[in-house]
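Notes follow the structure.
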Amino acid sequence: MSILVVGSVALDSIETPFGKKSEILGGSATFFSVAASFFDKVDIIATVGEDFPKSHIKLLADRGIGTDGLLVTKGKTFRWEGKYEYDLNIAHTLATHLNVFKDFSPKIPCDLKDSKFVFLANIDPDLQDSVLSQVNGSKLIACDSMNHWITNKKKSLEKFLHKVDIFLLNDAEARQLSGEANLIKAAKAIVSKGPKAVVIKKGEHGVLYYSKGSHFLAPAYPLDNVYDPTGAGDTFAGGMIGYLSKAGSLDDASIRKSIIYGSILASFVVEDFSMNRLLRTSMDDIGRRYEELKEMTKF
């Protein structure tokens with residue numbers, strides 16, 4: 001199958017209790033595509049500035065990730081600066097410089113309009129909707145969002161959700177969008193707004209999947225060391241959608257298995273800054289953690 005991701009490619013500056021890094025590769029489309037590339041071919045639609053290192057583009061291309069849709073635009077690359085305290089579930093944004101991303105208007109090349117699996121990362125819901133008007137006959141449409149769009153573009157988001165198969169968001173965003181404190185009630189309320197299924201990411205506490213016909217709870221893979229949680233959610237999505245594309249099936253068993261693979265990929269990315277740990281990961285590493293998690297949860 002073929003996977004298309006539309007989102008951001010960025011340069012991040014991050015501080016956690018375990019270190020500090022400046023101008024490292026980040027962005028929702030980047031984390032997603034690197035994770036999904038373990039399973040299938042991925043193409044990126046995003047924009048960067050003239051200052052974006054060519055070595056980063058080569059890194060993506062060397063993994064077989066299509067970069068023809070990664071436009072280099074006059075100006076500076078999108079940058080995010082953040083800090084985490086010991087509660088690594090909470091990111092404190094220090095600065096956001098949209099730069100060329102401010103005027104991002106995704107245009108899907110003709111040869112990608114028939115992509116079977118489409119992931120719309122965290123961008124304006126009106127832009128997400130415009131992307132869907134450019135693709136044909138997709139087998140799966142999945143999307144992410146964030147508190148900013150829930151606060152400022154809730155009507156646009158809710159209108160768009162009727163076109164979505166799987167909607168991914170974190171637990172705080174699920175509570176905000178639904179107005180429900182209980183996550184089961186929140187999941188039911190969100191599905192009633194239109195998407196066929198919702199995936200609520202709970203960080204170290206795992207994942208809740210909910211559709212009208214199926215419910216699934218998956219734990220996170222337990223880790224001794226977490227250095228940087230940036231991009232974990234997009235990495236999860238990349239692992240999940242990547243596996244579904246490889247499997248070629250959207251039955252309940254495949255979706256459940258894809259959620260486990262998403263959790264496994266996310267467990268690797270948080271063990272170092274940026275993509276560093278993912279880039280050192282092999283399919284054998286992924287397979288070992290899959291079997292370990294399977295053994296831990298067997299009863």
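On a predicted model such as this, the values are computed, not experimentally measured, just so you know. All residue numbers in this chain count up from 1 along the given sequence.
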Next on the checklist: Please enumerate all residues that pass side chain to side chain contact (heavy atoms under 4.5 Å, CB included) together with I184, with sequence neighbours excluded.
Outcome noted: N182, K188, L208

Checklist entry - Do you see a donor-acceptor pair shorter than 3.5 Å between the side chains of Y243 and S254? => result no

Next on the checklist: Under 3.5 Å, is there a donor on one side chain and an acceptor on the other for S105 and K107?
Outcome noted: yes

Next on the checklist: Side chains of D228 and T230: any donor to acceptor distance under 3.5 Å?
Outcome noted: yes

Next on the checklist: Please give me the minimum heavy-atom distance between A36 and V42, naming the atom from each residue.
Outcome noted: CB-CG2, 3.6 Å

Checklist entry - Does a salt bridge link D114 with K116, judged by any charged N lying under 4.0 Å from a carboxylate O? => result no

Next on the checklist: Just checking D51: does its CG atom have more than 12 heavy atoms from other residues, nucleotides or ligands closer to it than 6.0 angstrom?
Outcome noted: yes

Next on the checklist: Less than 3.5 Å apart, any donor N or O on the side chain of T151 or Q176 sitting next to an acceptor on the other?
Outcome noted: yes

Checklist entry - Does K298 come within less than 4.0 Å of E295, counting only side-chain N to carboxylate O? => result yes

Which atom pairs, one a donor and one an acceptor, fall under 3.5 Å between side chains of residues 125-132 and the rest of the protein, sequence neighbours left out?
residue : atom : partner : partner atom : Å
D126    : OD1  : S156    : OG           : 3.2
D126    : OD2  : K153    : NZ           : 2.7
Q128    : NE2  : L120    : O            : 3.3
Q128    : NE2  : A121    : O            : 3.0
Q128    : NE2  : D144    : O            : 3.0
D129    : OD1  : K163    : NZ           : 2.7
D129    : OD2  : K163    : NZ           : 3.4
S130    : OG   : L127    : O            : 2.7

Next on the checklist: With a 4.0 Å cut-off on N to O distance, would you call K196 and D165 a salt bridge?
Outcome noted: yes

Next on the checklist: If you count every heavy atom of other residues, nucleotides or ligands that lies below 6.0 Å from K113 atom NZ, does the total exceed 12?
Outcome noted: yes

Checklist entry - Does NZ in K193 sit with more than 12 non-hydrogen atoms of other residues, nucleotides or ligands closer than 6.0 Å? => result yes

Checklist outcome for this item: Note: V269 and A232 closest approach over all heavy atoms is CG1-CA, 3.9 Å

Checklist entry - If you measure only the distance, is there a donor-acceptor pair under 3.5 Å linking the side chains of S214 and D252? => result yes

Checklist entry - Are V270 and L88 connected, step by step, through hydrophobic side chains (Ile, Leu, Val, Met, Phe, Trp, Tyr) whose heavy atoms are closer than 4.5 Å? => result yes

Next on the checklist: With a 6.0 Å cut-off on the ring centroids, do F39 and Y261 count as close?
Outcome noted: yes

Considering only distance and modelled atom types, tabulate donor-acceptor pairs under 3.5 Å from the side chains of residues 10-18, sequence neighbours left out.
residue : atom : partner : partner atom : Å
S13     : OG   : E23     : N            : 3.2
T16     : OG1  : F18     : N            : 2.9
T16     : OG1  : Y227    : O            : 3.0

Next on the checklist: Keeping T73 on the side-chain end and G49 on the backbone end, is there a donor-acceptor pair under 3.5 Å?
Outcome noted: no

Next on the checklist: So which atom in S33 and which in I44 form the shortest heavy-atom distance, rounded to 0.1 Å?
Outcome noted: OG-CD1, 3.4 Å

Checklist outcome for this item: On a heavy-atom basis, the closest approach of S178 and I190 is CB-CG1, 4.2 Å

Next on the checklist: Strictly distance-based, threshold 3.5 Å: is any side-chain N or O of N152 a donor or acceptor partner for the main-chain N or O of H148?
Outcome noted: yes

Checklist entry - Are the side chain of D62 and the backbone N or O of L59 linked by a donor-acceptor pair below 3.5 Å? => result no

Next on the checklist: In terms of relative ring orientation, are F104 and F101 parallel, tilted or perpendicular, with 30° and 60° separating the classes?
Outcome noted: parallel

Checklist entry - Would you find a donor on one side and an acceptor on the other, under 3.5 Å apart, between the side chain of R63 and the backbone of K58? => result no

Item to check | Check ion pair R289-E271 (N to O, under 4.0 angstrom) | outcome: yes

